[in-house]
Amino acid sequence: MLPPEAVESADAAYRAALTAAGADLPAADHDQVLADGAVVALLGRLVRLPLIARPDQARADARRRRGQIVHQVGTCARLTERAGGLAPLTGWLGSLGEALTRRWPAAAASRAPVFPAFSR
């Protein structure tokens with residue numbers, strides 16, 4: 001996990017690098033590109049739900065996998081909301097996140113440790 005300030009700083013640097021390289025995307029287009037990428041990545045992870053839900057996995061694996069999916073769904077929902085134009089998908093992601101949180105409340109409450117380089 002990265003602190004929000006690090007994520008915002010990285011996003012600003014990424015947008016600046018794109019502009020410097022000649023990819024002059026308006027902010028809304030950039031938001032859409034990020035949302036599209038997040039949706040594609042999430043779809044790849046959602047096919048793993050049967051594995052993530054298995055009750056016979058090691059406790060550490062269950063905690064890690066479930067925490068990842070819950071937080072990835074939340075991140076994807078925030079990105080699609082920011083991009084706009086994806087209201088039905090954003091609503092579905094919100095419902096999915098709520099359902100996963102009800103099923104695995106500890107996964108939503110747990111936060112991965114902050115990457116050491118950002119903990120100072």
Side-chain angles (χ1 to χ4, degrees):
M1 297 291 297
L2 296 174
E5 309 81 44
V7 173
E8 292 166 12
S9 176
D11 184 58
Y14 180 69
R15 290 175 191 241
L18 283 175
T19 301
D24 193 19
L25 291 174
D29 289 346
H30 180 76
D31 290 344
Q32 188 64 58
V33 167
L34 287 177
D36 291 349
V39 169
V40 170
L42 180 61
L43 290 174
R45 181 163 298 249
L46 288 177
V47 300
R48 295 174 39 106
L49 273 176
L51 171 67
I52 294 167
R54 284 179 49 180
D56 63 339
Q57 60 188 309
R59 185 176 176 167
D61 288 340
R63 180 179 178 273
R64 177 180 48 79
R65 289 173 179 150
R66 292 170 184 174
Q68 287 171 346
I69 193 72
V70 167
H71 291 288
Q72 188 171 4
V73 167
T75 297
C76 192
R78 285 188 299 279
L79 288 171
T80 59
E81 182 176 36
R82 184 171 73 178
L86 297 171
L89 178 60
T90 302
W92 179 80
L93 289 168
S95 297
L96 176 62
E98 290 169 6
L100 293 173
T101 298
R102 278 192 307 275
R103 182 165 182 169
W104 303 310
S110 69
R111 300 292 292 179
V114 173
F115 188 71
F118 296 102
S119 63
R120 296 182 180 146

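Everything numeric in this text was worked out from a predicted model, so none of it was measured.
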Validation row: L43, V47 side chains within 4.5 angstrom (heavy atoms): no
Enter the distance from Q72:CD to L93:CG here, rounded to the nearest 0.5 Å. 10.5 Å
Above 12 or not: heavy atoms from other molecules or residues under 6.0 Å from CD of E81? no
Among R63, R66, R65, exactly one meets side chain to side chain contact (heavy atoms under 4.5 Å, CB included) together with W104. Which residue is that? R66
Rounded to the nearest 0.5 Å, what separates atom OG1 in T80 from atom CG in D31? 11.0 Å
In short, Q57 meets R54 closest at the heavy-atom pair NE2-O, 2.9 Å
Taking the side chain as every heavy atom from C-beta outward, state whether Q32 and L86 have any pair of such atoms under 4.5 Å apart. yes
Hydrophobic cluster identity match, L34 and L18, side-chain contacts under 4.5 Å: no
T90 versus A77, closest heavy-atom pair with distance: CG2-O, 3.8 Å
Shortest non-hydrogen separation from A107 to V70 and the atoms involved: CB-CG2, 3.9 Å
So which atom in A35 and which in L79 form the shortest heavy-atom distance, rounded to 0.1 Å? CB-O, 3.6 Å
Enter the distance from H30:NE2 to D11:CG here, rounded to the nearest 0.5 Å. 4.5 Å
Nearest-0.5 Å distance, CD1 of residue I69 to CG of residue L96: 7.5 Å
Roughly how far apart are L100 CG and L49 CG, rounded to 0.5 Å? 6.5 Å
If you compare all heavy atoms of R102 against all heavy atoms of P105, which two are closest, and at what distance to 0.1 Å? O-CD, 3.6 Å
Quick check: is L89 connected to L42 through a chain of hydrophobic side chains (ILVMFWY, heavy atoms under 4.5 Å apart)? yes
